[in-house]
Amino acid sequence: MKIATWNVNSLNVRLPHVLKWLEENPIDVLCIQETKMTDDKFPQAAIEAAGYHVVFSGQKTYNGVAIISKLPMADVVKNNPLYEDAQQRIIAATIDGVRVVCAYVPNGQSIDSDKYQYKLGWLAAFHDWIKSEAAQHPQIAVVGDYNIAPEDRDVHDPAAWEGQVLVSVPERAALQRLLDIGLADAYRLFEQAEKSFSWWDYRALGFRLNKGLRIDHILLSPALVARCSACIIDRVPRKWEQPSDHAPVVATLD
DNA sequence: ATGGCTCGTGTAACGAGA
């Protein structure tokens, strides 16, 4: 099973990219974030016509998540049952015995913002829910746009970013608490090139100069770590016309 | 240089993203 996560930054704009990428890559499960559309606008028919099942949870303008899967999905959950949230940021499903959680973690905007406090509270509740999900599902993958760069090596210019949102100590601690449940960052199970990122700013030639952050992650339970033979970031669609600012992260489970 | 670009909204700028 190949499982991927990709923040598409508007499925309205990026549906052709998603379909092209699925056509060119043998992906079994693709979790997408920032669909930015209500469920009545979701392009379900186009995705099903491409040979996939899809479940989705969206809202107008902001957020919105979906899981696209070759195999049928069961036990679909939208949002965290432990956390009242008007924003649509989580969808989960069980696929071929694997519990897949697709999450769009709040950005936080800046560390002095109300949105930063929302992010930390959201992450605390997410931790509690994932802990119970992991206890019930030995094979669990918790994937998505975490909006957190785990370490300085995941940041193009750690000095410039020090203490800022996406790299601050409380955010990194929240991510570490998720790992402490027993989950592993699939990307770091393997040797990777230095300066590997999953997001690059649209501005100031961010991608061409590789000024990026690694903020999209695939976290795996021990039973899935045992099955995981590769994890890569696919930079190819970031080079396409009118790209998302994020690249897909792909884990191979044998 | 706290911007740079790209979204949605709505049809002009502006908020938000990261």
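Classification of A:Arg89 and A:Asp145 as a salt-bridged pair fails, no side-chain N sitting under 4.0 Å from a carboxylate O.
Aromatic rings of A:Trp21 and A:Trp6 (six-membered ring for Trp) have centroids within the 6.0 Å cut-off, being under it.
Both tests hold for A:Lys20 against A:Trp240: distance to the six-membered ring centre under 6.0 Å, angle to the ring axis within 45°.
For residues 26-53 of chain A, the ring pair (Phe, Tyr, Trp, His ring centres under 6.0 Å) pairs, not counting sequence neighbours, are A:Phe42-A:Phe56.
Going from the P atom of B:dA1 to that of B:dA16 covers 27 Å, rounded to whole Å. Comparing B:dA18 with B:dG8, their P atoms sit 14 Å apart, to the nearest whole Å. B:dG4 and B:dA13 have their P atoms separated by 16 Å, given to the nearest Å. Between B:dT6 and B:dG10, the distance separating the two P atoms is 22 Å to the nearest Å.
Side chain to side chain, A:Thr5 and A:Asp216 fail the donor-acceptor criterion of an N or O pair below 3.5 Å.
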| said: Using a 4.0 Å heavy-atom cut-off to protein, can you give one letter per nucleotide of nucleotides 5-18 of chain B, 5' to 3': B if the base is in contact, S if only the sugar-phosphate is, - if neither? | reply: BSSSS------SBB
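Taking the salt bridge (Lys or Arg N to Asp or Glu O under 4.0 Å) definition, one finds that A:Arg172 meets it with A:Asp152, sequence neighbours left out.
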